[in-house]
Amino acid sequence: MSNTLSRRDFSKLLLSGVAGSALGLFGTSKSAFASTKRVVVIGGGFGGATAAKYLRKLDPSIHVTLVEPKAVYYTCPLSNWVLGGLKTMDDIAHTYAVLKGKYQVNIVPEVVIGIDMVKNTVKLKNGKTLGYDRLIVAPGIDFKYDAIEGYSESVANSQMPHAWQAGSQTTLLQKQLLDMKNGGRVFICAPANPFRCPPGPYERASLIAAYLKAAKPLSKVIILDAKDKFSKQGLFKKGWDRLYPGMIEWRSVALGGKVLKVDAGAMTITTELGVEKGDVINLIPPQRAGKIAVDAALTDATGWCPINPVSFESTLHPGIHVIGDASLAGAMPKSGFAASSQGKVAAAAIVRLFQGKVPAAPSLVNTCYSLLAADYGVSVAGVYKLAVDGIVEIKGAGGLTPLDADDNQLRQEAMFAQGWYQNISQDIWG
Amino acid sequence: MAVKPEIRLTASALIFAVIAAGSSALPGDCRASSNSAKNATARQSESSPRGQILALSCASCHGTDGKSSSVIPTINGRSVEYIETALKGYKSGDRPSTVMARHAKGYTDEELRLISEYFGTLSTTNK
Ligand SMILES: Cc1cc2nc3c(=O)[nH]c(=O)nc-3n(C[C@H](O)[C@H](O)[C@H](O)COP(=O)(O)OP(=O)(O)OC[C@H]3O[C@@H](n4cnc5c(N)ncnc54)[C@H](O)[C@@H]3O)c2cc1C
């Protein structure tokens, strides 16, 4: 511990803080002692679906409604594997049948368009309202389509897919790759921090290169980056040299990596250093919390939602918990693993708050696997604790696959990446 | 970052709260967990919030309740001793691993014991 408080003492402080809140000392919502226990969850992705399932598992007396417009949720994790030809869209599709049947979560296939924090209701697109005693907001991300000149939602849906939410966007990018000529140039434009899945653009470059190496070996992948360094950089660069020599080029912000403007008709990108023409342009725009979080004023000036790290309750609106990519979770990355970990913490906290008790100190973890080729995997892990300025990584734990890992470890990590996916999918939707 | 003052503010409010509420209002204490093996449901929602909440993290790779459906090992059904020995071995480096050492180092020995107890007793009460 770097500060003078011991870890446990600090947890106690946080715990009693919530106790204070639950006792009304700090004016939390009346719902802390509600006689009904109704939770509405907005969004059935990694965060929301986990919270819905675990609320029901931890306390079957809680009535849980999950509002999610998609009948089929396609995961971003493994969507790069689809682009690389290692998986199909069916492999990354999940439904809410088990949550509904086995866990008796009330599934409402709708979009939430408003939150009434006085009446404790959410308004659905179909005009109906749902009452809640506690609300979980897990809408993931939205894109800042206006951040780049010439770019728009319709450009993303036609010429320049982001494929940063899986589904039709993934299919569009895949089709463009399949249609591209041998010798074509694929641009991946990566945003500045913070954004969803820090290693994602680089895993994508790797697996697109894997496909091109086999099918269109004269082609190139060029990453235009709005950053000067990136997640697992050493591991990726070493892997690229070994697996795809000369095929992947990374241009940092200092080397003209920042995209200033695009022209969808001409398929060009303008950077500080000039104009580039691409055969496939995968532009990943800057992001913010999902629209409903912005509309409900759950976001601060950063565009993300500040939360109390013990319970993931919004610091702006008591009674509403924000989890997943939309939240400002300190040192935790915006990953599906983190979102799910936060979903469990929020669920456990809500169970205790309904009992009139204070939440237990949270346990937050992350592991992000990235695949560079079918049998070449690397990972970054983190275990987190609460400190004076929020969620921080525990020093000495976590970290990266060693740079000198042998082929056996890399192969094992590729296997575990797939194993992780199977198990977390089942832990959430299965 | 705009969030930092926010959280600091919370933290100072919390220090006030500890004075106001006193330490009697603290159910999250680790000691509460040791007499918890009797009843799985009671343990899940009542007596060992710490052990349970630590163990929930494991499910993201090892499956719900530690039941894996992939190449990742199942923890469910293992004895408390087996799990504890393994976790402490990962932590010390005696037991080779890809990622487990990086995780195990994030927990105190006491926390590793709570996790082991949680999964070890979960499997017996499940039978
Ligand atoms: C290419 C790529 C690869 C990735 N790989 C990994 C990986 O290997 N490991 C990993 O851990 N993470 C990975 N991620 C990150 C991961 O996908 C996200 O961090 C995760 O999806 C965040 O979960 P969430 O619940 O916050 O949001 P989401 O999973 O996006 O879920 C949000 C849900 O809310 C719904 N919703 C939004 N607004 C409303 C509304 N108003 N009403 C009702 N429903 C609404 C949406 O339809 C959506 O289903 C990857 C991401 C990308 C892009």
Side-chain angles (χ1 to χ4, degrees), chain A residues 8 11-17 19-21 23 25-26 54 58-59 300-302 306 308-309 315 328 337 340-341 344-345 348 351-352 355 357-365 367 379 381 383 388-390 394 396-399 401 409 412-413 415-416 418-420 422-424 426-427 430, chain B residues 1-11 13-23 25-30 41 44-46 48-50 52-65 67-73 91 98-108 111 115:
Chain A
R8 196 151 120 189
S11 301
K12 282 188 177 177
L13 284 180
L14 285 154
L15 285 168
S16 47
S21 151
L23 294 169
L25 290 177
F26 301 107
Y54 273 85
L58 297 175
D59 184 351
D300 67 13
T302 64
N308 172 337
T315 56
L328 272 170
F337 196 122
S340 181
S341 182
K344 290 175 186 178
V345 166
V351 166
R352 291 188 67 87
Q355 295 168 343
K357 294 177 181 164
V358 302
S363 165
L364 291 159
V365 179
T367 311
S379 60
V383 188
V388 183
D389 43 5
I394 294 177
T401 301
Q409 168 153 6
Q412 271 190 316
E413 294 224 40
M415 250 168 51
F416 288 144
Q418 159 113 24
W420 164 77
Q422 250 169 277
N423 282 351
I424 198 169
Q426 193 155 42
D427 191 34
Chain B
M1 289 279 286
V3 65
K4 278 195 177 170
E6 202 78 57
I7 287 182
R8 287 225 180 80
L9 222 173
T10 315
L14 300 178
I15 290 161
F16 166 70
V18 91
I19 300 160
S23 59
L26 298 172
D29 196 293
C30 295
T41 323
Q44 284 194 359
S45 53
E46 303 274 345
S48 177
R50 189 74 191 134
Q52 178 190 46
I53 205 155
L54 289 168
L56 288 180
S57 300
C58 309
S60 300
C61 291
H62 291 272
T64 307
D65 296 328
K67 291 179 188 158
S68 173
S69 55
S70 75
V71 296
I72 294 175
K91 187 178 172 181
T98 54
V99 77
M100 277 311 297
R102 289 181 260 161
H103 283 293
K105 284 177 186 156
Y107 302 88
T108 63
E111 288 171 329
I115 292 170

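Labels below follow one simple rule: chain letters A, B, ... track the order of the sequence lines, proteins then strands, and each chain is numbered from 1.
Heavy-atom minimum distance, B:R102 versus A:G399: NH1-O, 2.9 Å. When every heavy atom of A:V383 is checked against every heavy atom of B:H103, the shortest pair comes out as CG2-O, 3.7 Å. Across every non-hydrogen atom of B:T98 and A:Q412, the tightest pair is CG2-OE1, 3.5 Å. The nearest pair of heavy atoms linking A:P362 to B:I53 is CA-CD1, 4.2 Å.
Using a 3.5 Å distance cut-off with no hydrogens or angles, the side chains of B:S69 and A:N423 do pair a donor with an acceptor. Side-chain atoms of B:S57 and A:S363 form a donor-acceptor pair, as typed in the model, at a separation below 3.5 Å.
With chain A as the partner, the residue from B:A104, B:A101, B:S68 showing the most heavy-atom pairs under 4.5 Å is B:S68. Top candidate by heavy-atom pairs under 4.5 Å with chain B, chosen from A:A348, A:G396, A:S379, is A:S379.
B:V71 touches chain A through backbone and side chain together, each having a heavy atom under 4.5 Å away. Of the atoms belonging to A:A381, heavy atoms from both backbone and side chain fall under 4.5 Å from chain B.
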Task: Residues B:C61, A:F416; criterion side chain to side chain contact (heavy atoms under 4.5 Å, CB included); working and verdict - done: CA-CA 9 Å; B:C61 291; A:F416 288 144; over 6 Å; no

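Judged by distance alone, the side chain of B:R50 and the main-chain N or O of A:A360 form no donor-acceptor pair under 3.5 Å. Between the side chain of A:K344 and the main chain of B:L56, a donor-acceptor pair closer than 3.5 Å is present.
Note that the CG atom of A:D427 and the SG atom of B:C58 stand 10.5 Å from one another [nearest 0.5 Å]. Rounding to the nearest 0.5 angstrom, the gap separating the CG atom in A:L58 from the CD atom in B:Q52 is 5.0 Å. Taking OG from B:S70 and CH2 from A:W420, the interatomic distance works out to 11.5 Å, rounded to the nearest 0.5 Å.
Applying the salt bridge (charged side-chain N to carboxylate O under 4.0 Å, His left out) rule to B:K91 yields the partners B:D109; only residues at least two apart in sequence or on another chain are considered.
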